[in-house]
Amino acid sequence: MQNSSKKVRVRFAPSPTGGLHLGGVRTVLYNYLFARKHKGDFILRIEDTDQTRFVKGAEQYIYDCLKWCGLEPDESTMHPGEYGPYRQSERKPLYKEYALQLIKDGHAYFAFDTPEELERMRSENKTEENPSPQYDAMFRMRMRNSLTLSAAETEALINAGTPYVIRIKIPQNETITFNDLIHHEVSFDASVVDDKVLLKADGMPTYHLAVVVDDFLMKITHAFRGEEWLSSAPVHILLWKYLFGLEHMPQWAHLPLILGPNGKLSKRDGAKFGFPVYAMNWTDPRTQEFTEGFREKGFLPEAFVNLLAMLGWNSGTEQEIFSIEELIENFSIERVHKSGAKFDYEKARWFNQEWIKRKTATSLLTSVKDLLSNNGLSVTDDAYLEKVIEMVKDRCTLISDFFEQSAYFFSAPATLDLEAVLTKWNESKTSFFQQLMASLQTNSSWNAAEIELVFKELAAKLNIKPGELQLPMRIMLVGGKFGPAVFEIAHTIGKEETISRIHYALNKINA
RNA sequence: GCCGCGUUGGUCAAGGGGUUAAGACGCCUCCCUUUCACGGAGGAAUCACGGGUUCGAUUCCCGUACGUGGUACCA
């Protein structure tokens, strides 16, 4: 069916109407992986044919998301190739001639029905069995269009400037069958598809016309899109057949949907269950509605891409952690599932944790530094920060966890979990820590082993179990019951700071 | 309503006519750790239902149920 020697060209074609959600990024990812795997091109095409839904900033946002994910297109509005323009609104004049050609060939017609007339037709013919009557073979002969009007009447209406749309004339008694890379053979009875509008009254094409024309003009070889498009595939197949010939049609792959905890994944789910749904933070400029993003939540792009890849696809092996290079190598569209997958935030967090563990402290430096500075902690000593990251990264699931896990390395804890020590406190412990401060002060070598030795010898001398003293020591230095080995922490923050924190805490405890 | 697509533990899933039906997340128990994690060892939990086909169906076919998408001059 397909000329396999043709260079692979795929596209992601979003409409700039808002944030980019999980499903969108995964569609990008599968396109990207496929293109890279086959040494092809990945194109970003902006489908802004609905001017009423256009949202300012959405296009830039999409581009920024792809950049953050490391899934940048080869051709786009930002980096045009030889098939531009890449924004459909800028290609407007192109589409009409194809629509006219269809009319000439008897596959489409002018329709003059006003929105009100359409509305009336639908409500008047609505029945229990047919709640949504379609503009189809049944009804088109009862409507105002070039099929029911004479050629002269049609021409007169057009010359008079009457608004019109162009509709496809869906054939009767035809079964439309095509081969989907994921679903294999899919077929529809043409009688159940309606005469979709191809060219709107404002002269803009609808998605149906635009996608076919542009995929042809941009030499797209494989068209991947969400499964919500499967139902309208027959319209696209017909258009390909009428306009360019089925032999040039790209191979379709309709990707399974990503579902939320109950049904289709929505922005609402994210807000309700506390997980991000968009790639990056997004605030709708019109409504000011804010939607949280994975990036700001503390996800690494590597983890985000990894977890998305595994939501609907797997390599068939037990491997779950994949770098982008490994994904490119192993990806195959045939292994994408048919069924939708429920998004599991806990598992998403696990992917991030695995990636944090795998990354070096050096590669984490910039993002952690930004995090700390956003929280009012400016770091000047990169080497020191790197050491801290190395010590705490096994304890972080999200990048944002680095704040709590490392802040005490830079300044004394604001609050101390005294509850944890007070219940078992006694005079001899106070005495222990007072003597400890003195011993540490005079001790010349400052390393973890040495500190531990001093600590334990003193404990033995006062006949206290060191275990009973380690937790208090931790609370004094860290503020809470977490973090790496206490003596490592003491060593890292330094002698002066250690003694100062013990001193401060002791006063608090005995206050 | 009609049409399309789908259905393996709670979730992601491997598998596919004969298996003890992988693995991962989460959950539980234990070990390590006198903190929290990491790590390690175990555990509970699954083929939606009903008919066929077959010596034998989780696997193939048909129904049903359920889920999901479409049914716009939105994409």
Side-chain angles (χ1 to χ4, degrees), chain A residues 13-17 47-50 52-53 88 111 113-115 118-119 122 126-136 163-167 180 182-183 186-189 191-194 196-208 210-211 225-234 254 256-257 259 261-264 307 310-321 337-351 353-354 357 392-397 401 405 417 420 465-475 478 480-486 489:
Chain A
S15 55
T17 54
E47 311 227 330
D48 56 346
T49 54
D50 185 355
T52 65
R53 293 210 310 156
Q88 289 182 331
D113 319 277
T114 64
L118 288 173
E119 175 54 36
R122 290 195 180 105
K126 184 153 73 175
T127 62
E128 193 89 327
E129 298 81 53
N130 186 10
S132 47
Q134 301 191 113
Y135 200 121
D136 58 13
Y164 66 84
V165 300
I166 295 178
R167 286 180 181 272
D180 185 279
I182 293 167
H183 296 275
V186 180
S187 62
F188 295 83
D189 188 337
S191 66
V192 303
V193 354
D194 62 333
K196 288 268 182 272
V197 168
L198 264 20
L199 201 76
K200 302 187 258 191
D202 64 1
M204 278 288 191
T206 58
Y207 173 82
H208 308 295
V211 74
R225 62 193 347 180
E227 206 185 84
E228 68 268 24
W229 290 110
L230 195 52
S231 297
S232 36
H254 289 87
L257 268 8
L259 309 171
N262 13 297
K264 192 174 149 71
L307 74 92
M310 304 308 288
L311 212 52
W313 171 87
N314 72 82
S315 69
T317 69
E318 285 186 8
Q319 184 177 356
E320 288 196 276
I321 303 298
H337 296 149
K338 291 177 160 76
S339 51
K342 226 175 243 179
F343 173 65
D344 180 1
Y345 186 53
E346 284 308 318
K347 181 103 189 205
R349 285 167 52 85
W350 173 79
F351 273 107
Q353 186 178 30
E354 288 299 312
K357 278 196 304 210
V392 306
K393 74 191 184 83
D394 278 2
R395 274 156 254 264
C396 297
T397 300
D401 293 336
Q405 292 292 338
D417 181 8
K465 278 192 230 153
E468 287 181 35
L469 298 161
Q470 276 195 38
L471 183 64
M473 174 87 160
R474 169 175 299 281
I475 301 295
V478 177
K481 289 194 267 186
F482 60 92
V486 241
I489 295 172

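Here is the naming used below: chain letters follow the sequence lines, and residue numbers restart at 1 for every chain.
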Legend entry - Straight-line distance of Ile321(A) CD1 to Met310(A) CE, nearest 0.5 Å: 8.5 Å

Inset, instruction - Identify whether the glycosidic angle of C25(B) places it syn (within 90° of 0) or anti. - result: anti

Inset, instruction - Report yes if a side-chain nitrogen or oxygen of Lys200(A) is closer than 4.0 Å to either non-bridging phosphate oxygen (OP1 or OP2) of A75(B); otherwise report no. - result: yes

Inset, instruction - Establish, with yes or no, whether the OP1 or OP2 oxygen of A14(B) is under 4.0 angstrom from a side-chain nitrogen or oxygen of His337(A). - result: yes

Inset, instruction - Give a yes/no answer on whether the side chain of His183(A) brings an N or O atom under 4.0 Å of OP1 or OP2 in G4(B). - result: no

Inset, instruction - Would you state whether a donor and an acceptor, one from the side chain of Ser232(A) and one from the base of G70(B), lie under 3.5 Å apart? - result: no

Inset, instruction - Would you classify Pro14(A) as touching base, sugar-phosphate or nothing, given that sugar-phosphate means primed atoms plus P, OP1 and OP2, and contacts are heavy atoms under 4.0 Å? - result: nothing

Inset, instruction - Test for a donor-acceptor pair under 3.5 Å between the base of A24(B) and the side chain of Lys347(A), counting only N and O atoms. - result: yes

Inset, instruction - Report yes if at least one side-chain N or O of Gln319(A) is closer than 4.0 Å to OP1 or OP2 of A24(B); otherwise report no. - result: no

Legend entry - Closest to side chain of Glu318(A), choosing from U11(B), G23(B), G4(B): G23(B)

Inset, instruction - May I ask you to evaluate whether Arg225(A) reaches the phosphate of G70(B), defined as a side-chain N or O under 4.0 Å from OP1 or OP2? - result: no

Legend entry - Aromatic plane relationship, Trp229(A) with Tyr207(A) - under 30° parallel, 30 to 60° tilted, over 60° perpendicular: parallel

Legend entry - Test log, rule salt bridge (charged side-chain N to carboxylate O under 4.0 Å, His left out), inputs Arg53(A) and Asp50(A): CA-CA 6 Å; Arg53(A) 293 210 310 156; Asp50(A) 185 355; 3.6 Å; yes

Inset, instruction - Side chain of Leu118(A) only, please: which of C73(B), C38(B), C5(B) is the nearest? - result: C73(B)

Legend entry - Steps toward salt bridge (charged side-chain N to carboxylate O under 4.0 Å, His left out) verdict (Glu354(A), Lys357(A)): CA-CA 5 Å; Glu354(A) 288 299 312; Lys357(A) 278 196 304 210; 3.0 Å; yes

Inset, instruction - From the options C73(B), G26(B), C12(B), select the nucleotide whose nearest atom is closest to the side chain of Arg167(A). - result: C73(B)

